[in-house]
Amino acid sequence: MPDKKSPLAPFRHKDFRTLWSATLVSNFGGLVQAVGAAWMMTQLTDSPTLIALVQASNTLPIMLFALASGALADLFDRRTLLISAQVFMAAVSLVLAVVTWQGMMTPWLLLCFTFLIGMGQALYNPPWQASMGDLVPREDLPSAVTLNSVGFNLMRSVGPAAGGIITAAWGAAAAFTVNALSYVPLLGALYLWRPDIPKRTTAREPFGSAIQAGLRYVALSPNLVRVMIRAGLFGFSAVSILALLPLVAKSHPDGGSLLFGLLLGCYGLGAIFGAMVNPYIRERLANEIIVRISFAAFALAALVLAFTDSVWLHALAIFPAGAGWVLALSLFNVSVQLSTPRWVVARALALYQTATFGGMAAGSWVWGSIASSYGIDAALACAAVPLLLGAALGHWLSVPEFGSLNLDPINSFREPQLRVDLRGRSGPIMIMIDYEIDQNDVPQFLDLMAQRRTIRRRDGARGWALLRDLENPNHWSESYHIATWDDYVRHNMRRTKSDAKVTEQLAALHRGEGGPPVHRMIERHSVGPEDDLPLIGKLEVP
């Protein structure tokens with residue numbers, strides 16, 4: 001049995017093994033389809049912009065719909081979402097194959113079909129990535145993310161070549177048919193998977209509020225913001241090679257779909273190499289150094305493709321680029337997962353994918369437009385500039401090291417017994433917490449309160465304020481608002497064991513008897529004389 005720190009440790013878990021194996025087949029079909037679509041577009045049109053937009057049509061939907069998918073994945077059963085996305089993509093792929101067999105394909109129709117498949121992928125990716133935490137324990141999570149990259153890039157080493165052979169021998173329609181059939185094993189594996197779903201203890205958050213909560217959490221997490229900025233720039237600049245590779249292959253005298261597939265195969269082999277050495281590199285190099293090397297590898301590849309005509313040099317240059325792709329994206333992915341609690345992890349991953357794939361979609365259009373106006377070599381040379389800038393940007397926006405924070409829920413909150421007839425949607429709710437703080441402890445208290453403010457706002461509080469009593473300077477009150485009682489319960493259920501340290505330190509500074517008193521109140525702008533129950537409830541909790 002593999003050691004806990006082994007890169008193969010996730011294979012100890014049966015569900016991970018089964019789904020990973022089925023995903024291999026699905027990835028193979030997807031890569032065959034990608035080669036068929038990219039090469040078919042070169043046969044339908046000579047426009048570099050339209051050819052590059054094949055890549056954009058796959059990635060743009062992820063930018064547009066990933067956040068919505070992430071919110072759904074945090075609110076509903078992820079397995080159901082995964083199966084729904086697979087059924088949708090299989091149906092679209094089948095129709096694509098039929099239309100192509102009938103000879104009815106046009107450039108814009110091909111872009112529409114690839115966009116629809118991208119929509120299915122946008123629905124699939126966040127719940128699948130978030131499910132890693134359901135399939136393996138936390139200590140195996142980095143290895144599980146890396147093995148996902150290994151699986152995809154293992155197929156990238158053979159899928160594009162196979163796609164080139166299939167496309168050259170039987171046409172793009174055959175490639176699309178292979179992709180439609182490749183969904184069957186994964187659908188079967190997902191159907192048989194029975195994840196342990198925790199029983200919901202709070203009311204389900206409204207969809208709109210869930211999206212706002214995800215945006216708020218990421219915006220108030222500086223480490224996540226830095227990761228997403230770098231990931232977006234990486235996707236924008238690095239996609240230049242993938243988007244323009246069909247044109248590079250076609251520009252060779254003996255170029256064809258087979259050469260395109262072989263070049264992608266070299267890229268995939270580099271990605272496999274990067275995935276295999278990833279654990280050892282992470283032990284020896286800081287995360288920021290790995291990201292800079294990845295940017296530099298793509299810059300070198302772009303320059304070699306731009307200024308040389310040798311197929312062998314092109315293949316050699318693409319190899320380290322493939323390694324850099326896996327090293328950077330797996331590092332970004334793990335950084336997001338280890339910096340985010342489970343209640344919002346799918347939304348955080350969705351925003352990361354929005355940044356990355358949004359950058360890729362924009363980059364595909366930009367580099368395709370430059371190639372159309374100034375030539376392929378000029379576009380690749382221009383792409384090297386933001387790649388080098390991306391490496392230098394680490395001086396100001398460095399990627400953080402993997403955190404050691406315990407983001408498991410503390411699960412210590414118990415709803416108080418209320419003396420007011422209250423429903424889940426009742427509100428607004430105002431919370432006040434009183435502290436008695438010795439004058440000598442005020443600097444430490446204020447520092448802890450600055451941390452508390454970020455935690456409160458990140459988890460849904462509004463209008464946070466810290467008040468000091470003018471007549472009794474040792475008396476302080478923390479106050480904030482929550483929209484409804486259900487939101488207040490969710491706010492407390494989101495507290496992690498890492499957050500609890502701040503609460504414990506504040507309690508230790510409190511000089512009053514027992515713990516800091518908590519007052520939970522509902523706002524009322526008027527009180528009718530017929531009301532015989534107190535409309536402002538107040539409850540002290542030790």
Side-chain angles (χ1 to χ4, degrees), residues 34-35 38-39 41-42 45-59 156 160 164 232-257 259-271 274 291-329 356-357 359-393:
V35 172
W39 192 253
M41 186 62 84
T42 66
T45 178
D46 292 326
S47 168
T49 301
L50 286 175
I51 293 170
L53 282 178
V54 173
Q55 184 72 31
S57 65
N58 272 315
T59 55
R156 190 191 283 275
L233 181 57
F234 184 78
F236 172 80
S237 49
V239 78
S240 57
I241 291 178
L242 292 173
L244 299 176
L245 201 57
L247 293 172
V248 172
K250 191 177 181 181
S251 67
H252 285 283
D254 299 324
S257 60
L259 176 59
F260 174 49
L262 290 173
L263 288 175
L264 277 180
C266 291
Y267 185 90
L269 286 173
V291 171
R292 292 185 188 185
I293 291 173
S294 301
F295 270 101
F298 268 91
L300 176 62
L303 291 173
V304 170
L305 291 175
F307 294 111
T308 68
D309 295 323
S310 169
V311 173
W312 294 106
L313 285 178
H314 288 179
L316 288 174
I318 285 175
F319 183 88
W325 184 266
V326 168
L327 290 172
L329 293 186
T356 305
F357 288 95
M360 291 172 65
S364 296
W365 178 78
V366 168
W367 308 125
S369 297
I370 294 175
S372 181
S373 300
Y374 303 101
I376 305 168
D377 294 344
L380 289 166
C382 289
V385 176
L387 284 165
L388 294 173
L389 289 176
L393 190 62

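Computed from a predicted model, the values in this text were never measured in an experiment.
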Engineer: Could you pull out all residues at least two apart from S47 that satisfy side-chain contact (heavy atoms from CB on, under 4.5 Å)?
Structural biologist: T45, T49, L50
Engineer: Does S57 have any side chain to side chain donor-acceptor pair (under 3.5 Å) partners at least two apart in sequence or in another chain, and if so, which?
Structural biologist: T114
Engineer: Is L327 close to I293 at the side-chain level, that is, under 4.5 Å between some pair of heavy atoms?
Structural biologist: no
Engineer: Does anything in residues 294-315 pair up under side chain to side chain donor-acceptor pair (under 3.5 Å), and if so which pairs, sequence neighbours excluded?
Structural biologist: H252-H314, T308-H314
Engineer: Mind checking what makes side-chain contact (heavy atoms from CB on, under 4.5 Å) contact with S373, not counting sequence neighbours?
Structural biologist: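 By the side-chain contact (heavy atoms from CB on, under 4.5 Å) rule, S373 matches no residue at all.
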Engineer: Nearest 0.5 Å, what's the CD1-CD1 distance between I376 and I370?
Structural biologist: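 I376 atom CD1 to I370 atom CD1 measures 13.0 Å (nearest 0.5 Å).
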Engineer: Using the salt bridge (Lys or Arg N to Asp or Glu O under 4.0 Å) rule, collect all pairs that involve residues 243-253, keeping only residues at least two apart or in two chains.
Structural biologist: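 Every pair satisfying salt bridge (Lys or Arg N to Asp or Glu O under 4.0 Å) with a residue in residues 243-253: D46-K250.
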Engineer: Quick check: do L300 and V304 have side-chain heavy atoms less than 4.5 Å from each other?
Structural biologist: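 In short, these two side chains touch, coming nearer than 4.5 Å.
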Engineer: Considering only distance and modelled atom types, tabulate donor-acceptor pairs under 3.5 Å from the side chains of residues 380-388, sequence neighbours left out.
Structural biologist:
none

Engineer: Applying side chain to side chain donor-acceptor pair (under 3.5 Å), can you list everything that pairs with S369, at least two apart in sequence or on another chain?
Structural biologist: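 For S369 there are no side chain to side chain donor-acceptor pair (under 3.5 Å) partners, ignoring immediate neighbours.
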Engineer: For residues 237-246, dump all side-chain donor-acceptor pairs below 3.5 Å to protein atoms at least two apart in sequence or in another chain.
Structural biologist:
unit_1: S237; atom_1: OG; unit_2: L233; atom_2: O; d: 2.8
unit_1: S240; atom_1: OG; unit_2: S237; atom_2: O; d: 2.8

Engineer: How many angstroms lie between atom CD1 of I318 and atom CG of L305, to the nearest 0.5 angstrom?
Structural biologist: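 If we round to the nearest 0.5 Å, I318:CD1 and L305:CG are 5.0 Å apart.
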Engineer: Got a sec, which residues hit side-chain contact (heavy atoms from CB on, under 4.5 Å) with A315, two or more places apart in sequence or on another chain?
Structural biologist: L263, C266
Engineer: Suppose the criterion is ring pair (Phe, Tyr, Trp, His ring centres under 6.0 Å): which pairs have a residue in residues 360-393, not counting sequence neighbours?
Structural biologist: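 Sorted result for residues 360-393: F236-W367.
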Engineer: Between F298 and W325, what is the ring plane arrangement, given parallel below 30°, perpendicular above 60°, and tilted in between?
Structural biologist: tilted
Engineer: Does F295 have any ring-ring contact (aromatic ring centres under 6.0 Å, His included) partners at least two apart in sequence or in another chain, and if so, which?
Structural biologist: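 Expected list: F234.
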